[in-house]
Structures are given as C-alpha cells and as structure tokens.
Amino acid sequence: MGPVRVRFAPSPTGELHIGGARTALFNYLFARANRGAFILRIDDTDLDRSRPEYTEGLLNSMRWLGLDWDEGPYFQSQRLEEYNGAAARLLEEKKAYHCYCTPEELAGGREAARKAGKPYMYPGTCRDLSAEKAREHRAAGRKPVVRLRTPDHGDTVVQDLIRGEVRFDNRTLDDFIIVKSNGLPTYNFASVVDDALLEISHVIRAEEHLSNTPRQQICAGALGYTLPRYAHVPMILAPDRSKLSKRHGATSVEEFREGGYLPEALINYMVLLGWSPGEAEIISLDEMASLFSLERVNKTAAVYDTVKLTWMNGHYLRELPLDRTAEAALPFFGAAGLLEPPLEDAELHHFKNIVDTVRDRVKTLVELADACTYFYKDDYTYDPKGVEKHFRKEGSAQLLRRAADLLRHLEPFNVETVETAYRGLSKELDVSTGRLIHPTRLAVSGRTMGPGIFDIIGLLGRERTISRLEKAALWIG
RNA sequence: GGCCCCAUAGUCUAGUGGUUAGGACGCCGCCCUCUCAAGGCGGUAGCGGGGGUUCAAGUCCCCCUGGGGCUACCA
C-alpha cells in the first residue's frame, strides 16, 4: 500500500463550522498517526456561493486550531483543465454524453413524479440523442451539460472503513451531471478527479457523503482510476438533532474564538465527538495524533453540547501554563479596553498575576476579561444586592475607614501582612472577619463575588485599595 | 415517496455473548471556605419496542419505531 494521503476539502460558502472542523481534525490526526500527508483543497466550483473571504476565514480557522496542512491549498477553480480533459475523455469513449434538457424541463419531470408519488430519476432523454437533434438544440441556443452513463443493473458496493460494506442498487442511480452548462464540474466529478490526481489514499469525510459515494465510484471506474479507501465519519448535529446551521447559535470556529474559547479546548472537545481515546478524556493534540485510529471512530451522529465544551474550556483555562492562558487572554483584555498591548515587563507581570488569581473562576476568556475589569478601571458601580447586604448595615462606613487606616501604615504591605492585619482588626473590633471582608470586597471591586479579598488587595496595591475604601465609606454616608 | 446510515442516562461515550452496564458533562448533596469558583468525596439518571438464536444478548439475526443523510446544472 502506498503512502497515506488524506485531504480536507471544504467549499468556501461559509465559515468553518464545528462539523467541518471535526472532519478536518480527523483527517489531520489520521495523517499524523500514519506519517502521511494532510492536504487542503478548496472545493470552489459553485460560482454563486463561493466567496474568497470565506476561503480566507477557513484558512484562518484551520491555523488557529493548529491543523497545519502539508500541501495546498489547492483550488478546484484553478484546475478546470483537468476536469475538462477527463470529461472530454469520457465523452470520447461514449461513457458520458451531452444533455440539452433545460432546468425547467427537469424540474417539470420531478414535479410530475412527486405528484404521482413515484421516485424521480433522470429519464435518459438525451442518452442517445441523434446528431441532428443535438444540432437543433445547439442552434436553439441550448447549452448542454455532460452526464455520466451509469449502469442499469447490478450493484455498486462501497467498502467503508467505518460502516463496512454498503450496497447500492444501480437501478436507483440515474445518469447524473458531471459538468454543468457553465462548463464547471459538479462536486461528484471534480472530487473524484482531484482525489485521483492528488493520489488521495483515504477519503475521510462526513456521513452525508455516503450516498454520493456510489456515483463517485462509478465515475472513478469510468475514468480508470484506482479507488481511494473511504471512511464516512458520523455527523455532528445541533441540539435539536437537526443539521447544523446558523440559527443554532454559535457553531463556527470563528464564533467560538471570538467567544473566548481556546483552540486546545475546542480541539479536545471535538475529538470526543465520534472518537474516544479509551482512557482519559483530556488529551492534547499530540497525544491524539499518536492514539488516533479509524477503528475507534463510532457510527453514531453526535449532538454537540456547548455546556461540556464550556466546562472543558474552563478546564484548559486553568490547567494550561499561565503564559499560554495569559497570551490567549491578552487580546480580550485589549478588546475590553483594559489593556493596550504591547505591555511593558512590569505590566505583563502584573497582568499574569491577575489572570492567575481569576482564571479558575471563569470558563471563557470573555468572562475572564469581564471578571477583571475592576483591576483596571475605577468607574465600577456597587452591586445593589451587595449594597443592601454589606453597606446598609450600621457601622459599615466606619469599618471601612478603620481598614483604610490600618492599611495606610502597614509595613511591609503584602497579601500575608494584610490578612494578618485584617484578622487582628476583626478581633479588636469584636466582629467576624466576614463582617469586615464582605464590605471590603464590595468597596474595592463593586462585586460580592470574586477572588480571595487579600489576593485582590495585593493585586490592587496599597494606594488604590485605600482610596477605594475611603470612597466607599463616603458613598455610604 | 425511493435509496442509504444510525440507535447505551438530558448530552458525549466505554462495552465487542457471561460486567453490580464503566467514565465525562450536567444536576443534587457533603467537605473545604471571607464570597464566588476551583478542588475532593458521594449521589441521580441508561441499553427505544417486539420477536427470534443461545445454557446465557446492551452485545448476533429479523421486524417495528424513532432520528439522520442522499435523491440539485450545492458541496
């Protein structure tokens, strides 16, 4: 058997969604697991729907996920000679023929079949058209398509690496179009030609393509190509069990990136949809690559669940090296107006400390930036519920003033000494530490929840803590 | 409608004839604790239905039901 060569062949008609990304991931892993090549091909033969900016987005999403390709991207729109040559050969060998039926005529036939409750197939109108009739059609300005002559009997058998042997009755397959009237190849044709020319060894793609596989095999057979091995991976469904689409909220890689998800988390979550590593679920891209095999890919469509994805993102946020989490978080702090990269050393160090104390309380980078605003901004407001609970109590303002006074002369000033001082003060005033801590947190952060108060104070520093304490005492009145 | 694929908790999954049906998310409870998390511990919940085959079926076969896909001059 030759070298393993696989491809991911999206069409640039939208953003890369989680289903496509998972297929790309499986291809990437299979290539790495078998020391093969992972090839990227852009199937842009649909002129109306393909857009260059989608191609750009696709490449960006792939790079962001870390799914680096070894060859390509190839663009089908730039390989038209290949398809034309192949089609000409088929025409020459009478394995294909021109069809002059108009879309309207075909639609009429379909409609009639539907009304009669009969299955529709192309009736073969132009299968054996006389030269004269063809001339007439051309004279009338009709632009032909090219159809492949498909067998009228027998079976076409797909040997699928995941689904086993799948048998199709050739009588249910009609003479399908391989070249459109605009001269561009259809998917079933271009895909077959390219897979052969690029010497693809394994076609790993979503299950929605299984039903098209017999057509492609017939096509490849007519062209004399050796068939690739096929592996149809289960689909990823939206929570309502329907095919993924925009109305299901965030489904694209780009949306997840903007939503504050880490590529590590998204990759790890996606690989679990349809494949299982056996032991631990938390697994890195490198580990997946060494473990991956098609035998462990299951057959069942998976419903994706953002709750688990989000949990996993939180997990990666706090388990990844601090530098990595901070690096990923920085753009979000920039977008929130908290920081303006690039940072000076001291700023960066401070930023990392903040990320480190906050990161195990959030699940996304967006939440992380949001949970850190008060470290950078003074204009926060006090949480109303917190005000009721912690400020409205008799003596709260006085407590805050006492705390401020205490911190003013504390030497040295650090997390440990502040804590000791606070606990001492609560004893001295004969109040619970909570009675001191809760108003303090509200005063210095505006919030009732968050990191340990001494960590917050340590990060804020003496000056800002004191001024916030005094400001709050004044505010209480 | 025709053809094809699929079927273990709410979700993702392990399981390949003999298991107390395992793990993860979620949910609930407890511990920890200045709050919120994180973490630790415990609990909740499952083989779609019916027939076979077999000493024995989540595992094999058939039917039904349910879900999904294809059936385009989309990919």
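In what follows, every chain begins at residue 1, and chains take the letters A, B, ... in the order their sequences are listed.
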Judged by each residue's nearest nucleotide on RNA chain B, which is more toward the 5′ side, A/Ile177 or A/Met312?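 Going by which nucleotide is closer to the 5' end, it is A/Met312.
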
Which residue lies more 5' along RNA chain B, comparing A/Thr102 with A/His315 via nearest heavy atoms: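 First, find each residue's nearest nucleotide; the 5'-ward one identifies A/His315.
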
Touch class at under 4.0 angstrom, heavy-atom based, for [X] against every strand present:
X: A/Arg49; value: base
X: A/Val145; value: base
X: A/Pro214; value: nothing
X: A/Leu272; value: sugar-phosphate
X: A/Arg205; value: nothing
X: A/Ser211; value: base
X: A/Arg167; value: sugar-phosphate
X: A/Thr310; value: nothing
X: A/Gly386; value: nothing
X: A/Thr448; value: base
X: A/Tyr269; value: nothing

Which one, B/rC25, B/rU11, B/rC5, comes nearest to the side chain of A/Val166?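 Of the candidates, B/rC5 comes closest.
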
Can you figure out which of B/rC73, B/rA75, B/rC12 approaches the side chain of A/Leu106 most closely?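 Looking only at heavy atoms from C-beta outward on A/Leu106, the closest nucleotide is B/rC73.
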
Atom-pair distance ([atom1] on [X]; [atom2] on [N]), nearest Å:
X: A/Leu40; N: B/rA75; atom1: CG; atom2: C1'; value: 15 Å
X: A/Ile236; N: B/rC6; atom1: CD1; atom2: C1'; value: 15 Å
X: A/Glu207; N: B/rG69; atom1: CD; atom2: P; value: 10 Å
X: A/Ile283; N: B/rU13; atom1: CD1; atom2: P; value: 15 Å
X: A/Glu319; N: B/rG39; atom1: CD; atom2: P; value: 8 Å
X: A/Gln217; N: B/rC3; atom1: CD; atom2: P; value: 20 Å
X: A/Glu111; N: B/rU71; atom1: CD; atom2: P; value: 18 Å
X: A/Arg163; N: B/rC3; atom1: CZ; atom2: P; value: 19 Å

For [N], the Watson-Crick or wobble counterpart (both distances under 3.5 Å):
N: B/rU11; result: B/rA24
N: B/rC41; result: B/rG29
N: B/rC47; result: none
N: B/rA72; result: none
N: B/rC55; result: B/rG18
N: B/rC34; result: none

Let's test your reading of the model: under 3.5 Å, does the base of B/rC3 pair with the side chain of A/Thr172 as donor and acceptor?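 For A/Thr172, whose side chain was compared with the base of B/rC3, there is no donor-acceptor pair (under 3.5 Å).
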
hbond_proxy A/Glu208 side chain to B/rG68 base (donor-acceptor, 3.5 Å cutoff):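 Answer no: no donor N or O sits under 3.5 Å from an acceptor.
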
Does the side chain of [X] get closer than 4.0 angstrom to OP1 or OP2 of [N] through an N or O atom?
X: A/Lys118; N: B/rG1; result: no
X: A/Arg296; N: B/rG15; result: yes
X: A/Arg171; N: B/rG2; result: no
X: A/Lys180; N: B/rA75; result: yes
X: A/Ser242; N: B/rG67; result: no
X: A/Asn298; N: B/rU13; result: yes
X: A/Lys243; N: B/rC70; result: yes

Charged N to carboxylate O below 4.0 Å: is that the case for [X] and [Y]?
X: A/Glu208; Y: A/Lys243; result: yes
X: A/Arg79; Y: A/Glu81; result: no
X: A/Arg324; Y: A/Glu319; result: no
X: A/Arg171; Y: A/Asp152; result: no

Could A/Arg110 and A/Tyr120 be counted as a cation-pi pair, given that NZ or CZ must be under 6.0 Å from the ring centre and within 45° of the axis?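 So A/Arg110 does make the cation-pi contact.
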
Measure from NZ or CZ of A/Arg22 to the centre of the six-membered ring of A/Phe26, then state whether that distance is under 6.0 Å and the direction lies within 45° of the axis.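 Yes, A/Arg22 sits over the ring of A/Phe26.
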
For B/rG22 versus B/rU54, give the span between their C1' atoms, rounded off to a whole number of Å.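 Their C1' atoms lie roughly 26 Å apart.
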
Are A/Tyr422 and A/Phe454 close enough that their ring centers fall under 6.0 Å?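 Yes, close enough.
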
For a side chain to side chain contact (heavy atoms under 4.5 Å, CB included) check, start with the C-alpha distance between A/Arg205 and A/Val233, then their side-chain angles and the critical distance, and finish with the verdict. CA-CA 6 Å; A/Arg205 74 219 321 185; A/Val233 303; over 6 Å; no

